[in-house]
There are 2 protein chains.
Amino acid sequence: MPDNMVIQGFESAEHDHGDCVADALREAERVCTERGERFTPLRRTVFELLWSSHKPVKAYDLLAQLALTHDRPAPPTVYRALDFLQEAGLVHKLESLNAYIGCGEPGRRHQGQFMICEECGVVAELDDETLTSRIDTNARKIGFKVNDETIEISGLCRQCQQP
Amino acid sequence: MPDNMVIQGFESAEHDHGDCVADALREAERVCTERGERFTPLRRTVFELLWSSHKPVKAYDLLAQLALTHDRPAPPTVYRALDFLQEAGLVHKLESLNAYIGCGEPGRRHQGQFMICEECGVVAELDDETLTSRIDTNARKIGFKVNDETIEISGLCRQCQQP
DNA sequence: GCAAGAATGTTATCTTATATCAAACTATAC
DNA sequence: GTATAGTTTGATATAAGATAACATTCTTGC
């Protein structure tokens, strides 16, 4: 595997999103089983809603979606599912947007780097080892012990730069 | 200048914070003059409050501080000052904390990279050109045009790792 | 001084997230 | 199979973060 690859996003025209979601679901089940955690119907629903596109989704939008199939869900319902999914590495929170998105490669421990299109909202998740190790190097220089990385780049995707 | 330097933070024991703030204020005045903007008393006060430490400050904490010297300030008072200061490049918002911090090098256009100590709350601002250009390289590969970077690393500073 | 624009004040409201306690469900031990 | 401990979800309330909209005051250039 190359040290830098686009794991997800910016390919909406080409890929079969049904397969994409099905894969994500299978992978999520596997991860939960491995961790001895339960992928309950509620968690599954929230996960599916997040994967309905490669765009980040806001918690209260999830809540509104949930309301279509559940009886008057309350915020904690969504936040608890999101917390669980984040804990399991199945979902990322985009801090710069206060929004959530399905993780493109949940199997491996990582935090990911995100390129967020300001125009169409689509997000690509990258995982560049070189970038991570450069950060580790910087941290080491000042004696800092890294626990968590938030790397979110916003701008315009290729499509949205067309005139 | 090295391609990677700590601009601010994690040096609390050694530096004269009075000088530090005085420098920041002078620099802020210069930047505003250069931009033809007004560094009003309110903006100055908010700026000073932000520079009272190298820790990020929350908007509502600023508001509470302001309330000590101003008559019942409301949220927009603080948010407007923060918006202005961010616009001028004098202040950064830390998205992962919903908090704000004075910029260590306001003269130059940059977005900065932050190392945030989870224990003591102190933040170091770095500016690593290599890191930035690595991100640009990644972006170019997928045809992405970068507008803005959010890079926030949390963990433990050297001090807080001591047993 | 006066008009135009900038900055601040004021009130209300919106968005995002969590605390707390109760009820329902699940798995295991007996 | 049922008691029980632990986990998950339901429900209510509220905390925390941010902005909209309009009024007033302050600055600046004429």
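The sequence lines fix the lettering, A, B, ..., with proteins before strands; numbering per chain opens at 1. Everything numeric here is computed off the predicted structure, so don't read it as measured data.
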Quiz prompt | Worked verdict on A:R26 versus A:E29 for salt bridge (Lys or Arg N to Asp or Glu O under 4.0 Å) | solution = CA-CA 5 Å; A:R26 241 190 318 277; A:E29 304 224 21; over 6 Å; no
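Clustering ILVMFWY residues whenever any of their side-chain heavy atoms sit less than 4.5 angstrom apart, transitively, puts B:V91 in a cluster other than the one holding B:V123. Under a hydrophobic clustering in which Ile, Leu, Val, Met, Phe, Trp and Tyr are joined whenever their side-chain heavy atoms come within less than 4.5 Å, directly or via other members, B:F114 and A:L94 fall into different clusters. Taking hydrophobic clusters as Ile, Leu, Val, Met, Phe, Trp and Tyr residues chained together by side-chain heavy-atom distances below 4.5 Å, A:V21 shares a cluster with A:L66.
Side-chain N or O atoms of A:H17 include one that pairs as donor or acceptor with a backbone N or O of A:W51 at under 3.5 Å. Side-chain atoms of A:E125 never come within 3.5 Å of backbone atoms of A:G112 as a donor-acceptor pair (strictly under, hydrogens ignored).
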Give me, pair by pair, the N or O atoms of the protein and of nucleotides 10-19 of chain C that are less than 3.5 Å apart, along with how far apart they are.
from	atom 1	to	atom 2	distance (Å)
C:dT16	OP1	A:K58	NZ	2.5
C:dA17	OP1	A:K93	NZ	2.6
C:dA17	OP2	A:Y79	OH	3.0
C:dA17	OP2	A:Y100	OH	3.3
C:dA17	N7	A:Y60	OH	2.7
C:dA17	N6	A:Y60	OH	3.1

Between the protein and nucleotides 5-8 of chain D, list the N/O to N/O atom pairs that are separated by less than 3.5 angstrom.
from	atom 1	to	atom 2	distance (Å)
D:dT8	OP1	A:R43	NH1	3.4
D:dT8	O5'	A:R43	NH2	3.4

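The nearest whole Å value for the distance from the CG atom in B:L63 to the P atom in D:dA15 is 16 Å. Rounded to whole angstrom, the span from the NE2 atom of B:H70 across to the P atom of C:dA7 amounts to 16 Å.
In this structure, A:R43 is positioned above the aromatic face of A:F84, its NZ or CZ under 6.0 Å from the six-membered ring centre and within 45° of the axis.
Applying the salt bridge (charged side-chain N to carboxylate O under 4.0 Å, His left out) criterion to A:R140, with sequence neighbours excluded, gives no partner residue.
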